[in-house]
Amino acid sequence: MDIKKAKITDVAKYAGVSVSTVSLVLSGKGRISDTTITKVNHAIEALNYVRNTAAANLRSHQSNLIGLVVRDITDPFYMGITSGISDQLERQGYMLFLAQSGNSKEKQLQCIQSMIQQGVAGIILSPVREAINASLDLIHQANIPVISIARSETGADIDYVGPDNTLAAKMATEHLIAQGHRHIAYVGGGGESLTRAERIGGYCSTLMQYGLPFKNDWIVECSLSQASAVEVTHQLLNKHPKITAILCHRPATAIGALYGAQLAGKSIGQDNYIGQQVALLGFDNAPETELTRPALSMIHTPTEEIGYQTAKLMARKLTTPLAPRQSIHIKPSLLLRGSA
DNA sequence: TCTCAATCTCAAGGCTGGTC
DNA sequence: GACCAGCCTTGAGATTGAGA
């Protein structure tokens with residue numbers, strides 16, 4: 001019994017047509033009679049023929065692969081984006097080639113290099129700040145389109161799809177101000193984070209707009225861990241007891257801040273007129289923020305929508321490479337729970 | 001004879017493995 | 001190490017055949 005995989009030549013032989021006719025039937029191009037199409041389809045079924053896309057891409061200089069480089073594929077934020085991109089790209093006949101770079105410049109460049117070597121048609125990138133110029137050099141040399149996602153504007157002249165961080169911070173700050181808070185702090189993120197910079201920009205400008213005090217001491221960096229947020233919040237509230245509300249850079253920061261505030265002798269809640277209460281409002285909603293007591297109010301950005309818009313933009317860039325650069329900012333929403 | 005739809009021929013793409 | 005064939009498919013251009 002012959003167990004060799006059927007080739008296009010086998011299909012052509014079986015159907016009694018030429019190889020190029022089979023190719024035309026497969027691609028749906030050209031003018032082919034219904035009789036011939038039926039014969040070819042019958043041969044494909046009989047021989048269990050599966051098209052070799054590697055060979056097809058080799059010949060046509062095209063690829064249906066789109067590279068996606070994210071920082072951390074287990075991060076719920078990126079999981080949502082990846083899901084949206086994958087759904088939309090599949091509908092348009094593309095496949096996703098996924099890699100994670102962490103925060104390493106070298107890893108990001110390595111991922112991009114591998115994707116180019118695999119012949120991807122375009123790259124969607126969550127840029128590492130230190131790697132952005134080198135990454136873009138590589139991608140431009142390969143002459144393929146690139147879209148920056150999720151991690152803020154890079155300053156580079158490339159298309160961008162992601163959350164509107166400035167608006168998110170403005171919405172969060174305005175909500176706290178509307179509740180009567182006048183001493184609002186920002187906890188979390190690192191100085192190198194562009195996302196954090198944009199949020200702090202929105203937070204500061206809103207405070208100024210309402211004529212409220214803004215102090216550098218009230219903006220505190222901390223690492224990704226909850227433990228770090230516990231420590232930082234504890235110290236912040238001990239040092240500045242006037243603070244009645246805190247914006248938290250990410251879900252883990254918000255959860256850590258909750259325990260840090262409690263360690264500082266504060267309770268968590270919306271009523272800043274009750275002496276010892278602190279309101280907490282976090283960015284990037286995650287399921288675990290619903291499980292705390294009280295549950296944490298969060299700014300939610302629809303991550304699947306970011307993915308969906310990114311995939312649509314990539315498909316557009318592949319069909320019209322000279323289309324003008326676009327920046328798509330996805331509007332956030334406020335999820336009000338018990339903490340603010 | 002002309003036109004046009006349907007089909008075929010052949011070169012080419014980058015990489016691998018075999019031969020000299 | 002150099003060269004070449006084979007892998008599998010596509011697409012431009014050539015050919016065929018039927019109808020007007």
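All chains are named by letter (A, B, ...) in the order of the sequence lines, taking the proteins before the strands, and each is independently numbered beginning at 1.
Follow the hydrophobic side-chain contacts under 4.5 Å out from A:Val220 and you reach A:Phe214 in the same cluster.
Contact check on A:Arg199 versus A:Asp284 returns a salt bridge, with a Lys/Arg side-chain nitrogen under 4.0 Å from an Asp/Glu carboxylate oxygen.
The CD1 atom of A:Ile8 sits 8 Å away from the C1' atom of C:dT10 (whole-angstrom rounding). Rounded to whole Å, the distance from CG on A:Leu26 to P on C:dC8 is 15 Å. To the nearest angstrom, P of C:dT9 lies 10 Å from CD1 of A:Ile44.
Counting any heavy atom pair closer than 4.0 Å across all strands shown, A:Val22 reaches no nucleic acid atom.
Under the 6.0 Å distance and 45° angle rule, A:Arg71 does not count as a cation-pi partner of A:Tyr78.
Proximity of A:Tyr49 to the phosphate of C:dT9: a side-chain N or O atom is located under 4.0 Å from OP1 or OP2. Between A:Ser23 and the phosphate of C:dT10, there is a side-chain N or O to OP1/OP2 separation shorter than 4.0 Å. Neither OP1 nor OP2 of B:dA6 sits under 4.0 Å from any side-chain N or O of A:Thr36. Note on A:Thr21: a side-chain N or O is less than 4.0 Å away from OP1 or OP2 of B:dC8.
Screening residues 87-114 of chain A for salt bridge (Lys or Arg N to Asp or Glu O under 4.0 Å) gives no qualifying pairs among residues at least two apart or on separate chains.
Between A:Tyr186 and A:Tyr203, the ring planes are tilted. Angles from 30° to 60° get that label. In this pair, A:His42 and A:Tyr14 present their aromatic rings tilted. The plane angle is within the 30 to 60° band.
Taking five base pairs at each end of the helix from B:dT1-C:dA20 to B:dC20-C:dG1, the local helix axes there meet at an angle of 50°, rounded to 10°.
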